[in-house]
Trainee: 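Supplied in structure tokens, the structure appears directly below.
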There are 2 protein chains.
Amino acid sequence: MADESLPPWNPYDPDCPTRMMLDRIGDKWTVLVLGLLSAGPLRFNALRRQVPGISQKMLSQTLKDMERDGLVDRSAFATVPVTVEYTITPLGQSLAATVAQLVTWATRHADQVLAARARYQSR
Amino acid sequence: MADESLPPWNPYDPDCPTRMMLDRIGDKWTVLVLGLLSAGPLRFNALRRQVPGISQKMLSQTLKDMERDGLVDRSAFATVPVTVEYTITPLGQSLAATVAQLVTWATRHADQVLAARARYQSR
DNA sequence: GCCATCGGTTACCTCGTGGTGACCAGGGCA
DNA sequence: TGCCCTGGTCACCACGAGGTAACCGATGGC
């Protein structure tokens, strides 16, 4: 707690915001959903169709967690069959932008990582 | 596959570099170890003492994975009891820098997330 | 002789994440 | 009448990440 400018990695306790976010983006679906929603609002089943392999349960759970953390807004419309639209919040947008940098890093350095793996395997 | 400039989130298959890195930084210890090593080389047990709560097994496994991916270099010295030093690579440094941005985001927006959670709970 | 330290590996067990499939309501449609 | 659409929830199950503890071999100190 001596220096507040740039906290020296303290995610040892579960209260830590860093640990919290790493768990969030480390899960299987959040980043995928965030990426899709950052392009525009989508309904539940539209989202479901655009994320191949996701189950109803996991999409529902992921969206609930994201809504809870203020990353997306949920709005239900009393239409013919009830329609629910999910919209990304400014907070969610800023997270998406940050995650995008990680994605950029990954795509840019993927070859180096794969090369390292090949080197390691044939040692 | 039409646009290669900024791949549109394709981590549906395990080969995807993004999925690979998200899994890596989403695990419990890699980010912690990366943060410590980015400040300078450390020996196995020194690292172990500086990461509270980590077990010998997990530190060993984490370091092995990081070495495999070219994030750290391992050098053993035939000293009195064998000494092993772990050094971060330039690749590891660049990942650490990218992760640091995520950490910065988390610390900067933690209050907003916690506020959203409070709002959600008392709805 | 005994114990600690170095850096690990191994067996075993627990617990959480995520997958599968059934079920819910109401209305449109053949 | 029966089936599909909407957006979910719930019960059950499997797998893998991670924790715990024992053990390794060589050496130095008491």
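Within every chain, numbering begins at 1; the chains are lettered A, B, ... in the order of the sequence lines, protein sequences first and strands thereafter. The basis for the numbers below is simple: all heavy atoms, side chains too, and nothing from hydrogens, waters or symmetry mates. Worth saying up front: this structure is predicted, and the values here are computed from it rather than measured.
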Trainee: CG of B/Leu42 versus P of C/dC6: gap in Å, rounded?
Mentor: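 The answer, rounded to whole Å, is 13 Å.
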Trainee: For DNA chain C, find the residues of residues 79-89 of chain B with a heavy-atom distance under 4.0 Å and give them by number; none if there aren't any.
Mentor: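 Within residues 79-89 of chain B, the residues near DNA chain C are B/Pro81, B/Val82, B/Val84, B/Tyr86.
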Trainee: Would you classify B/Arg24 as touching base, sugar-phosphate or nothing, given that sugar-phosphate means primed atoms plus P, OP1 and OP2, and contacts are heavy atoms under 4.0 Å?
Mentor: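 B/Arg24: no heavy atom of the nucleic acid under 4.0 Å.
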Trainee: So does B/Ser60 get a side-chain nitrogen or oxygen closer than 4.0 Å to the phosphate oxygens (OP1/OP2) of C/dG7?
Mentor: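 False: B/Ser60 side-chain N/O out of range (4.0 Å or more) of C/dG7 OP1/OP2.
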Trainee: Select from B/Gly53 and A/Lys57 the residue whose nearest nucleotide in DNA chain D is closer to the 5' end of that strand.
Mentor: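 Comparing both residues, the 5'-ward one is A/Lys57.
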Trainee: Heavy atoms under 4.0 Å, any strand shown: does A/Arg48 hit a base, just sugar-phosphate, or nothing?
Mentor: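 Since no nucleic acid heavy atom lies under 4.0 Å of A/Arg48, the category is nothing.
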Trainee: Rounded to the nearest Å, what distance is computed from the CG atom of residue B/Asp23 to the P atom of nucleotide D/dG18?
Mentor: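 That distance rounds to 10 Å.
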Trainee: Quick check: is B/Leu91 connected to B/Val33 through a chain of hydrophobic side chains (ILVMFWY, heavy atoms under 4.5 Å apart)?
Mentor: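 Yes, B/Val33 and B/Leu91 fall within the same hydrophobic cluster.
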Trainee: Whole-Å distance between C/dT17 C1' and A/Met58 CE?
Mentor: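 About 7 Å, once rounded to whole Å.
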Trainee: So, is A/Lys28 close to the C/dG19 phosphate, meaning a side-chain N or O under 4.0 Å from OP1 or OP2?
Mentor: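 Yes, within the criterion.
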Trainee: Give the rounded distance in Å between these two atoms: CD of B/Gln56 and P of D/dC23.
Mentor: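 In whole Å, D/dC23 P lies 14 Å from B/Gln56 CD.
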Trainee: Counting only side-chain nitrogens and oxygens, does A/Arg49 get under 4.0 Å of the OP1 or OP2 atom of D/dC5?
Mentor: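 A/Arg49 to D/dC5 OP1/OP2: no side-chain N or O under 4.0 Å.
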Trainee: Looking only at heavy atoms, what is the nearest atom pair of B/Leu59 and B/Phe44, with distance?
Mentor: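 Of all heavy-atom pairs spanning B/Leu59 and B/Phe44, the closest is CD2-O, 3.5 Å.
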Trainee: Specify the separation, in whole Å, of atom CZ of B/Arg19 and atom C1' of C/dT17.
Mentor: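 From B/Arg19 CZ to C/dT17 C1': 13 Å.
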Trainee: Can any side-chain N or O of A/Thr83 pair as donor or acceptor with the backbone N or O of A/Pro81 at less than 3.5 Å?
Mentor: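 Yes, because the side chain of A/Thr83 sits within donor-acceptor range (under 3.5 Å) of the backbone of A/Pro81.
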Trainee: Side chains of B/Ile25 and A/Leu102: closer than 4.5 Å at any heavy-atom pair?
Mentor: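 Touching, per the 4.5 Å side-chain cut-off.
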Trainee: Look at the side chain of A/Gln61 against the base of C/dG18 and say whether a donor-acceptor pair falls under 3.5 Å; ignore hydrogens and angles.
Mentor: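 Under the 3.5 Å cut-off, the side chain and the base do not form any donor-acceptor pair.
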Trainee: Using only atom types and a distance under 3.5 Å, with no angle test, would you say the side chain of B/Thr30 pairs donor to acceptor with the backbone of B/Gly26?
Mentor: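 Absent.
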Trainee: In whole Å, what is the span from the CG atom of A/Leu59 to the C1' atom of C/dG21?
Mentor: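 Checked: the CG to C1' distance equals 17 Å.
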Trainee: Is there a path from B/Met20 to B/Leu95 through hydrophobic residues (I, L, V, M, F, W, Y) whose side chains come within less than 4.5 Å of each other?
Mentor: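 B/Met20 and B/Leu95: one cluster.
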Trainee: Just by distance, do the side chain of A/Ser60 and the backbone of A/Gln56 share a donor-acceptor pair under 3.5 Å?
Mentor: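 Here the side-chain-to-backbone pair does not exist.
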Trainee: Between C1' on D/dG7 and NZ on A/Lys64, what's the gap in Å once rounded to a whole number?
Mentor: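 Rounded to the whole Å, the gap is 12 Å.
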Trainee: Report the distance from atom CG of B/Asn45 to atom P of C/dT9, rounded to the nearest whole Å.
Mentor: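 Interatomic distance, CG of B/Asn45 to P of C/dT9: 13 Å.
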